[in-house]
Amino acid sequence: MSSQHVAIVLAAGGSRRLGQPKQLLQRNGETLLHRAARCAARTRPALLIVVLPPGGQQWHTLLEDIDHRPLVNTAASSGMASSLQLAAAHVDAQAPVLILGCDQPALDAPHLHALLAGARASISGCAATRIEGQPSMPAVVPGEWFIGLGRSPSGDAGRAGRHDEGFRQRLRALPAPHLHLLDDPALALDIDTAADLAHARVRGLIDR
């Protein structure tokens with residue numbers, strides 16, 4: 001397996017439950033989209049992919065200072081798996097792949113470095129964040145998991161899972177000793193609803 005990794009920021013969601021683009025929420029004056037991409041870039045990936053929603057130049061302008069490959073997911077409403085499928089063509093099967101979203105305001109570059117180090121040391125080459133006792137994002141998976149990723153003739157997502165699952169079920173199927181898990185309770189807060197946003201603001205993780 002290559003020592004150089006690929007990083008994928010999944011930021012194409014429509015934020016339907018929140019009612020406003022979570023990508024544009026700010027922490028310390030920085031949008032969550034830029035923060036996620038910046039933290040991923042600090043891990044020095046061979047390639048940084050940012051999967052974006054349709055909507056024009058605003059998304060690209062927010063990231064113009066970060067070296068990345070933007071991919072626009074016109075099928076983002078179908079869930080996370082569609083973004084992974086879109087990114088699959090750009091992933092080196094021999095490289096570890098760091099996958100993260102942009103809705104965990106407590107996430108920082110040291111978390112990502114710890115996941116990459118844990119994946120290198122694990123039997124499976126995988127690492128994930130423990131959320132409510134289960135492996136969740138951010139995570140590191142082998143690039144070979146992206147081989148053949150796509151939709152079957154029936155319209156179901158491929159091995160990435162269906163809808164919003166991504167690689168979650170595949171990670172959870174690994175024997176516990178084979179998977180490195182990162183523990184940080186702060187990462188349990190992701191912003192999906194107005195209540196999540198209010199909680200993040202109370203904790204000082206999102207600007208008022």
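Reckoned from all heavy atoms, side chains included, excluding hydrogens, waters and symmetry mates.
Shown here for Gln23 and Cys102, the closest heavy-atom pair between the two residues is CG-SG, 3.8 Å. Pairing each heavy atom of Ala106 with each of Leu187, the nearest pair is C-CD2, 3.9 Å. Taking all atoms of both residues into account, the shortest heavy-atom contact from Ala40 to Ala7 is CB-CB, 4.2 Å. In terms of heavy atoms, Gly101 sits closest to Val9 at O-CG1, 4.4 Å. Ile66 and Arg38 make their closest contact through CD1-N, 3.6 Å (heavy atoms, listed as atom of the first residue, atom of the second, distance). The shortest heavy-atom contact between Pro96 and Gln4 is CD-O, 3.4 Å.
Leu189 places a side-chain heavy atom less than 4.5 Å from the side chain of Arg203. With contacts defined as side-chain heavy-atom distances shorter than 4.5 Å, the pair Pro70/His60 qualifies. Counting heavy atoms from C-beta on, the side chains of Cys126 and Arg170 never come closer than 4.5 Å. Between Leu24 and Gln58, some side-chain heavy-atom pair lies under the 4.5 Å cut-off. Residues Ile8 and His90 have side chains not in contact (no heavy-atom distance under 4.5 Å, counting atoms from C-beta outward).
Linking ILVMFWY side-chain heavy atoms closer than 4.5 Å, directly or via other members, places Leu71 and Leu48 in two distinct hydrophobic clusters. By the rule that hydrophobic residues join a cluster once side-chain heavy atoms approach within less than 4.5 Å of another member, Met137 and Val140 end up as members of separate clusters. Cluster annotation: Leu182 and Leu171 are assigned to distinct hydrophobic clusters (Ile/Leu/Val/Met/Phe/Trp/Tyr, side-chain heavy-atom contacts under 4.5 Å, transitive). No continuous path of ILVMFWY side-chain contacts below 4.5 Å connects Val91 to Leu52, so the two sit in separate hydrophobic clusters. Hydrophobic clustering keeps Ile99 apart from Leu116 (ILVMFWY residues linked when any side-chain heavy atoms are closer than 4.5 Å, directly or through intermediates).
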Would you mind writing out the side-chain donor-acceptor pairs for residues 193-200 within the sub-3.5 Å range, not counting sequence neighbours?
residue : atom : partner : partner atom : Å
Thr193  : OG1  : Ala195  : N            : 3.4
Thr193  : OG1  : Asp196  : N            : 3.2
Thr193  : OG1  : Asp196  : OD2          : 3.2
Asp196  : OD2  : Asp192  : N            : 3.0
Asp196  : OD2  : Thr193  : N            : 3.1

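Under the side chain to side chain contact (heavy atoms under 4.5 Å, CB included) test applied with Thr129, the options Leu100, Asp183, Leu115 reduce to a single match, Leu115. Trp59 pairs in a side chain to side chain contact (heavy atoms under 4.5 Å, CB included) with only one of the listed residues (Val72, Leu33, Thr31), which is Leu33.
Note that the CZ atom of Arg172 and the OG atom of Ser136 stand 4.5 Å from one another [nearest 0.5 Å]. Here CG of Asp103 is found 4.0 Å from NZ of Lys22. Values are rounded to the nearest 0.5 Å. With rounding to the nearest 0.5 Å, the separation of CZ in Arg17 from CD1 in Ile191 is 12.5 Å. In this structure, Gln134 CD and Arg168 CZ are separated by 9.5 Å, a value rounded to the nearest 0.5 Å. Cys39 contributes atom SG, which lies 6.0 Å from atom CG of Leu112 (distance to the nearest 0.5 angstrom). The distance from atom CD1 of Ile123 to atom NE2 of His178, rounded to the nearest 0.5 Å, is 4.0 Å.
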Which is it for Phe167 and Val97 under the side chain to side chain contact (heavy atoms under 4.5 Å, CB included) test, yes or no, and what are the steps along the way?
CA-CA 12 Å; Phe167 289 120; Val97 184; over 6 Å; no
Stepwise side chain to side chain contact (heavy atoms under 4.5 Å, CB included) check, Leu10 with Asn73
CA-CA 10 Å; Leu10 302 177; Asn73 186 359; over 6 Å; no
Pair Leu179-Ser122, side chain to side chain contact (heavy atoms under 4.5 Å, CB included): steps then yes or no
CA-CA 6 Å; Leu179 175 66; Ser122 71; over 6 Å; no
Ile206 vs Leu32, test: side chain to side chain contact (heavy atoms under 4.5 Å, CB included). Steps then yes/no.
CA-CA 9 Å; Ile206 292 292; Leu32 292 190; 3.9 Å; yes
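For Asp184 (side chain) and Ala186 (main-chain N/O), a donor-acceptor pair under 3.5 Å exists by modelled atom type.
Residue pairs meeting the salt bridge (charged side-chain N to carboxylate O under 4.0 Å, His left out) criterion with at least one partner in residues 39-65, sequence neighbours excluded, are absent.
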